[in-house]
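Here the structure is a predicted model, which is why all the values come from computation and not from measurement. Naming: A, B, ... by sequence-line order, numbering from 1 per chain.
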Amino acid sequence: MPIKTTIDKIPQFVDQEVTLSGWLYNKRESKKLKFLEIRDGMGIIQAIVGINDVDDNTWEQAGSLTQESSLHISGRISKHPKKDEYELQVMPGGIDIVQISVDYPITPKEHGSGFLFQNRHLWLRSKRPWALMRIRSEVIHAIRTFFYEDGYITFDAPIFTPNACEGTTDLFEVPYFDSVAYLSQSGQLYGETGAMSHRKIVVFGPSFRAEKSKTRRHLTEFWHIEPEIAWFNINDNMELMERLTMFVIEWVLRKCRPELELLERDIKFLENIKTPFIRLHYDDAVNQLNELKPDRIKELKKELKAATDETLQAELKREIEELGTDFKWGGDFGAPDEGILTRQYDRPIFVHRFPRGIKAFYMAPDPEDERVSLSIDMLAPEGYGEIIGGGQRAEDYDYLVAQIKKHNLPMEAYQWYLDLRKYGTNPHGGFGLGVERTVAWLAGVHSIRECIPYPRTIDRVYP
RNA sequence: UCCUCGCUAGCUCAAUGGUAGAGCAACCGGCUGUUAACCGGUUGGUUCCUGGUUCAAAUCCGGGGCGGGGAGCCA
C-alpha cells in the first residue's frame, strides 16, 4: 500500500511507493512516455507514465488529463536522471481522477496583468503568486514573532471608526444603523491608548484609504503593522524600525530561498544590507537632493536620447522638467526625489524631522526647532520608496487642540484621544509599516498588487 | 482629481480607409526522457458600445464603458 504524503516530504520516500493528491499543472507526452507535472499545493513534482510500466487504462487516463484536473496519483519515488530533483514513476492503476477540468483559462503562456487579476482566484495557483503568498506569510510571521519576542502586546484596533485619523478626504464612509461610520485608515490613535495601558503594543490589521491613486504602490485596502510605545523618543523609534527591518530581512532570507529563486530575486542586495541605516535630517535630504539633481537630469537626458518609445520619451521629458527646479524647503518628496535619494545608498534610509506642515496633526514638534516635527519616513532601497512612516506624537494637550483646529477636524470626535494628554501624558511614538510594500521590496516584484491575495484598487473589487 | 496608453479569436498580439491574420491554448495526428517540449493539421471573430464622416471604417471624428501605466497623496 503506497504511503499518503505531500510533495514537500518527497525526499524521505526515495525508492518507496507513495500517493499524492493534487492537480495537473502541465503535461508533455510522446508515444511511449507521458510527463505529468503534479502540483499539490506544497510543491510540484514530475510524474512519469511509461506505456510499458502501466496497464492500458492508466495510460489512457494519463492521456485524458487536462490542466488543473484533480487526481490522486501513486508510484515509486526516484531521482531525476539529469536534474537534482525527484520524480514519481507511476505504477499500474496509479491514477485516480477526481475531476477532469475543462478550458482552464490560465495557460503556461504569457498573459496580461488585467486578465490575470480578473482571474486572480485561479491565478493564485500559478508559481509566481504561489511563491509571493508564501513570502507574504513569512513576512507577517516574522513581524509578529519579532514583536512577541520583544514583549509587545497585540492590540487590535476597531475597523469601524467614528472619526478620521489623518483627514476625511480619503475615508470610506459606510452606513452604520441610523448613522455613518468610516473604515479605519489607521489603528494608530487606538494604538496610543493601548500603549498607555501596556507600554508596548502592536496593532495589526487592514487599513482602508479611498485615495484615487492608480499606481503600483497603492491599494485601497492594505495590511498595516502599527507598533506604539509609551516613553519612547524619535531615536528609539528609528532604532526599532531598523531592528525590525533587519529581523524580517534575515527571516525571509532564511525561510524563503526557493521562493526568492523562483521569483529570480537578486538576493545579494538583501544579504549586503547592514546597520546602521542612513539617518538624514530633512534639511540635509533637501540639500543632497538639490546637489544630486543636475547629475540625475544629465542621466535622464542620456536616457531620453537613447529612448525610441514615445510614451517613455514623454515620461522622461516630464521627469526632467519636474527636476529642473530646485526642491524648496517645506515640500514633500515625490517619487523621483525618493529615487534620487535612495539610489546612492546600499541600505534603507531614514529621513527625519519633516516640516510640520506636511505631516499629520498628531506629530510632535521638535523642541529644538519648531519648524519641524519629530517624524520619520523609512525609504527602502532599489527604488521601492517609503515603506514605513512614523514619529513621536505630540504630548502637549494645548498643542494638540490647536492642531485639531488648524486641520479643521471635528473636536468632539477627538475627546477620547485628547484624554490621553490629560491623564498622564508622556513622550510616545510608533510607526506604520505597509505589509504589501515590504513584501514587494523583499521579493523584488514591481507592483504591490501581486503581494496580497485579492488586491483592492480604485477600479477593481472583483473577484 | 489630472496626464497618458490601450480595447481585434479563450490568451498575447498583427492588419496604408479597400477580402480580418499569426503564435499559443483547445481538438485530431506524429514523435523513446520531455520540462513554457517539439512537428503536421483542424476548429475558432458582434474588431468594447454608440452616434457620425465616407462609395467603403478594426482603422478617421464625437460621446460612453472597461482596463494598463503614471502624477499628486500616502503604507
Close N/O contacts between protein and nucleotides 21-24 of chain B (under 3.5 Å):
none

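- Between A:R28 and the phosphate of B:rA36, there is no side-chain N or O to OP1/OP2 separation shorter than 4.0 Å.
- Across every non-hydrogen atom of A:I45 and A:Y86, the tightest pair is CG1-O, 3.4 Å.
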Pairs: protein N or O with nucleotides 43-47 of chain B N or O, under 3.5 Å:
none

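- Checked against B:rC31, B:rG72, B:rG68, the side chain of A:P336 finds its nearest nucleotide in B:rG72.
- Residue A:E85 is out of contact with every strand shown, counting any heavy-atom pair closer than 4.0 Å.
- A:L219 comes within 4.0 angstrom of a nucleotide base, judged by non-hydrogen atoms across all strands.
- Proximity note for A:T215 (side chain, C-beta onward) versus B:rU32, B:rA71, B:rG68: the nearest is B:rA71.
- When atom types are taken as modelled, the side chain of A:S375 and the backbone of A:G391 share no donor-acceptor pair closer than 3.5 angstrom.
- Note: NZ (A:K27) to C1' (B:rA36) measures 16 Å, nearest angstrom.
- A donor-acceptor pair shorter than 3.5 Å cannot be found between the side chains of A:Q89 and A:D53.
- Environment of OH in A:Y148: sparse, with no more than 12 heavy atoms of neighbouring residues, nucleotides or ligands closer than 6.0 Å.
- Contacts of A:F115 with the nucleic acid, taken as non-hydrogen atoms under 4.0 Å apart, involve only primed sugar atoms and P, OP1 or OP2.
- Counting only heavy atoms from C-beta on, A:K82 has its side chain closest to B:rG33 among B:rG70, B:rG33, B:rC73.
- Ring centroids of A:F333 and A:Y282 are separated by less than 6.0 Å, placing the two rings close together.
- Here the side chain of A:E436 pairs a donor or acceptor atom with the backbone of A:W223 at under 3.5 angstrom.
- At a threshold of 4.0 angstrom between heavy atoms, the contacts of A:E29 include nucleobase atoms, whether or not backbone atoms are also involved.
- Of all nucleotides listed (B:rU34, B:rA36, B:rG72), B:rU34 comes nearest to the side chain of A:F35.
- With hydrogens and angles ignored, no donor-acceptor pair closer than 3.5 Å exists between the side chain of A:H111 and the base of B:rC11.
- Across all their heavy atoms, A:P381 and A:I273 have their closest contact at CG-CD1, 4.5 Å.
- In this structure, the nucleotide among B:rU35, B:rA71, B:rG68 sitting nearest to the side chain of A:A335 is B:rA71.
- At a threshold of 4.0 angstrom between heavy atoms, the contacts of A:G50 with the nucleic acid are absent.
- Residue A:D56 places its CG atom among 12 or fewer non-hydrogen atoms of other residues, nucleotides or ligands, all under 6.0 Å distant.
- Atom CD of A:E226 is separated from atom P of B:rC74 by 15 Å (rounded to the nearest Å).
- Panel note: side chain A:H407, backbone A:Q403; a donor-acceptor pair is recorded below 3.5 Å.
- The distance between atom CD1 of A:I458 and atom P of B:rG70, rounded to the nearest whole Å, is 15 Å.
- Using a 4.0 Å heavy-atom cutoff across all strands shown, A:P105 reaches no nucleic acid atom at all.
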Exercise. What dot-bracket string describes RNA chain B from 5' to 3', counting Watson-Crick and G-U wobble pairs whose defining distances are under 3.5 Å, with [ ] for crossing pairs and | for pairs to another strand?
Worked result: (((((((..((((....[..)))).(((((.......))))).....(((((..]....))))))))))))....
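- Between the CD1 atom of A:I38 and the C1' atom of B:rU35 there is a distance of 14 Å, given to the nearest Å.
- Spacing between atom CD of A:Q67 and atom C1' of B:rA36 amounts to 11 Å, rounded to whole angstrom units.
- Taking atom P on both nucleotides, B:rG62 is separated from B:rU53 by 15 Å, rounded to a whole Å.
- Atom-to-atom, CD1 of A:I48 to P of B:rU34 comes out at 11 Å; the value is rounded to the nearest Å.
- Atom CD1 of A:I106 is separated from atom P of B:rG10 by 16 Å (rounded to the nearest Å).
- Annotation: A:F160, atom CZ; neighbour count of heavy atoms from other residues, nucleotides and ligands within 6.0 Å does not exceed 12.
- In terms of position along RNA chain B, the nucleotide closest to A:S30 lies nearer the 5' end than the nucleotide closest to the other residue of the pair A:S30 and A:D459.
- Between the side chains of A:Q67 and A:T107, no donor N or O sits under 3.5 Å from an acceptor N or O.
- Listed nucleotides: B:rC11, B:rA37, B:rC74. Nearest to the side chain of A:E37: B:rA37.
- You'll find the side chain of A:K127 reaches within 4.5 Å of the side chain of A:I44, heavy atoms only.
- Residue contacts shown for A:I387 are limited to sugar-phosphate atoms, with no base heavy atom under 4.0 Å away.
- OP1 or OP2 of B:rA37 lies within a sub-4.0 Å distance of a side-chain N or O belonging to A:N26.
- A:R216 has a side-chain polar atom (N or O) that falls below the 4.0 Å cut-off from OP1 or OP2 of B:rG70.
- Comparing A:R460 and A:F222 by the nucleotide of RNA chain B that holds the closest heavy atom to each, the one mapping nearer the 5' end is A:R460.
- Counting only heavy atoms from C-beta on, A:H224 has its side chain closest to B:rA75 among B:rC31, B:rA75, B:rG67.
- Within a 6.0 Å sphere centred on CG of A:D459, other residues, nucleotides and ligands contribute more than 12 heavy atoms.
- With 3.5 Å as the limit, one finds a donor-acceptor pair spanning the side chains of A:Y362 and A:Q188.
- The CD atom of A:E386 sits 14 Å away from the C1' atom of B:rG72 (whole-angstrom rounding).
- Looking at heavy-atom distances under 4.0 Å, A:K214 makes contact with a base.
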